[in-house]
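These notes concern the structure reproduced below.
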Amino acid sequence: MARYKSEFVNIIVERGYLHQATDLDGLDVLAAAGPIAGYIGFDATADSLHVGSLVQIMLLRRLQQTGHRPIVLMGGGTTRIGDPSGKDETRRLLSDEQISSNITGIRRAFGAFVDFGVGPTEALLVNNADWLDGLAYIPFLREVGQHFTINRMLTFESVKLRLDREQPLTFLEFNYMILQAYDFVELARRNGCVLQMGGSDQWGNIVNGVELGRRLDDKELQGVTTRLITTASGTKMGKTAAGAVWLAPERVSPYEYWQFWRNTEDGDVGRFLRLFTDLPLAEITRLEALGGAEINEAKKVLATEATVLAHGHGAAGEAAESARLTFEEGTFGEALSRIEVARVELAQGLPLFSLLTRAGLAASGGEARRLIRGGGARVNDTVATDENARITLANLSPDGIVKLSAGRKRHALIVPA
């Protein structure tokens, strides 16, 4: 029997999204009464989001799936400052052109998870530059600044972290939390938005927005946060030896994306199925109960379902089939990453550590060398032992390619061009 009145609150509780809420019962009443609008903000610091942001993206997806309107707030204005939350150094400032280009890329990635449109439950993409760019400084300070005290702002984790580590916190960054609170007020005024969601590191900023809405407009707003997602071994979600796992296929191929999920630790399978797929809870309960080698079948389901959401059924199917051919039959699937290298370069010979880096199997030449020294690098399924080895045309397989591997689960093909 459902614990809450609204499908939205039930689903975020049952699937493990909920960490904190400013007034969960109040949110439940609102969501049960009819469609509400809720938002999450994303600064445009890159042209794609990565798996570290996926729990927030899925939260917006859950909002839409349960009959409500998700709002994707792009920080066209706040990206010029940089959110200090969870950071111990000042972010590099981007040009307006870079920010605009990044927003375009992020919007494209979101299209796979939510449906945009003008209907009451269709997603909106909004840019906070629309209201922040036109603010007059003195009137803004008089209207909004009076509701924030330096005493309280100094208690926020994002500020304390920087000060405790004796890292500089610029006045520019110090303004970020005020602007984020004001974003919530503007979205409430313009779009009837009553809910802000975010990671646990955003709790203080979200509470600020809720309180500012009450003080300026006597508006009851709601806030929800999710836990920081870490793996069973305690590492940060979405990072690999080769770097971030991006959602854009130009940065991380669907096959590499599939492989990331296939390599999930045993203890995370059930939790990740709940958070990152649309599978019914009953099916997830069955899959996470599998023991021994059978848990690998659950991991394949997780990999395929997660890849379907990000890249579609076709790409997910190709990735799964390529993995089957590579690992179960020893042949090469079409979705395996292919890196084109000029034939003349191979004729001269290229350092193995350099090719491992170019193929995304190592983040740097130094890391690639360590991989080779540790016995983790393979060329055509043979362990490479010489960190100064060079790959030449003589290394081409009968298929006319060179298969490079980092460990037993990450592969790429070098193809002469």
Side-chain angles (χ1 to χ4, degrees), residues 6 8-9 12 18 20-43 56-57 59-64 66-79 81 83 85 110 114 116-136 139-148 152-153 156 175-199 202-226:
S6 68
F8 174 66
V9 173
I12 66 172
L18 182 67
Q20 298 160 297
T22 54
D23 178 8
L24 190 60
D25 289 335
L27 173 61
D28 189 37
V29 170
L30 282 175
I36 63 170
Y39 90 97
I40 300 177
F42 300 86
D43 278 341
Q56 308 306 326
I57 297 172
L59 202 52
L60 289 171
R61 180 177 175 84
R62 301 302 182 212
L63 191 68
Q64 187 169 58
T66 53
H68 306 287
R69 162 164 273 183
I71 298 176
V72 179
L73 177 66
M74 295 308 311
T78 45
T79 301
I81 296 174
D83 183 3
S85 300
F110 258 103
V114 296
F116 288 95
V118 297
T121 64
E122 289 181 300
L124 291 178
L125 187 137
V126 181
N127 188 340
N128 65 10
D130 291 347
W131 54 83
L132 295 182
D133 283 2
L135 288 177
F140 178 73
L141 288 181
R142 284 179 59 88
E143 179 188 11
V144 177
Q146 64 172 310
H147 299 293
F148 293 82
R152 187 177 182 202
M153 292 168 79
F156 293 155
N175 278 270
Y176 189 97
M177 61 188 76
I178 300 177
L179 296 178
Q180 183 170 331
Y182 186 68
D183 282 344
F184 199 176
V185 171
E186 280 292 332
L187 285 170
R189 291 170 175 173
R190 294 167 179 246
N191 304 104
C193 183
V194 297
L195 171 64
Q196 181 181 177
M197 301 176 288
Q202 296 297 317
W203 177 247
N205 292 332
I206 290 173
V207 170
N208 279 340
V210 170
E211 293 180 353
L212 187 63
R214 183 165 56 248
R215 290 170 179 168
L216 289 181
D217 297 341
D218 195 26
K219 181 77 173 177
E220 288 299 318
L221 303 178
Q222 304 292 334
V224 162
T225 66
T226 61

Donor-acceptor pair, side chain of [X] and main chain of [Y], under 3.5 angstrom:
X: Gln64; Y: Thr121; value: yes
X: His68; Y: Ile36; value: yes
X: Arg214; Y: Lys219; value: no
X: Arg62; Y: Val9; value: no
X: Asp28; Y: Ser6; value: yes

Is [Y] close to [X] at the side-chain level, that is, under 4.5 Å between some pair of heavy atoms?
X: Leu216; Y: Arg189; value: yes
X: Leu221; Y: Phe184; value: yes
X: Asp183; Y: Gln196; value: no
X: Val210; Y: Asp23; value: no
X: Trp131; Y: Leu179; value: no

Quick one: pull up [atom1] in [X] and [atom2] in [Y] and give me the separation to the nearest 0.5 Å.
X: Leu124; Y: Tyr39; atom1: CG; atom2: OH; result: 14.0 Å
X: Trp203; Y: Thr22; atom1: CH2; atom2: OG1; result: 5.5 Å
X: Asn127; Y: Asp133; atom1: CG; atom2: CG; result: 8.0 Å
X: Asp43; Y: Met74; atom1: CG; atom2: CE; result: 7.5 Å
X: Ile40; Y: Leu63; atom1: CD1; atom2: CG; result: 8.5 Å
X: Tyr182; Y: Glu143; atom1: OH; atom2: CD; result: 5.5 Å

Margin query: Before you tell me yes or no, could you show the steps for Leu30 and Leu195 under side chain to side chain contact (heavy atoms under 4.5 Å, CB included), namely the whole-Å CA-CA distance, both residues' side-chain angles and the distance that decides it to 0.1 Å?
Written below: CA-CA 10 Å; Leu30 282 175; Leu195 171 64; over 6 Å; no
Shortest non-hydrogen separation from [X] to [Y] and the atoms involved:
X: Ala129; Y: Gly76; value: CB-C, 3.9 Å
X: Arg215; Y: His147; value: NH1-O, 3.0 Å
X: Pro35; Y: Gly67; value: CB-O, 3.6 Å
X: Cys193; Y: Ile71; value: CB-CD1, 4.1 Å
X: Ala21; Y: Leu18; value: CB-CD1, 4.2 Å

Next item on the list: Could you verify whether a donor N or O on one side chain and an acceptor N or O on the other, from Thr225 and Gln202, lie under 3.5 Å apart?
Entry: no
Notebook entry, point to check: side-chain contact (heavy atoms from CB on, under 4.5 Å) with Asn128: which of Leu132, Asp130, Val126?
Noted result: Leu132
Margin query: Walk me through whether Gln56 and Thr226 qualify under side chain to side chain contact (heavy atoms under 4.5 Å, CB included).
Written below: CA-CA 8 Å; Gln56 308 306 326; Thr226 61; 2.8 Å; yes
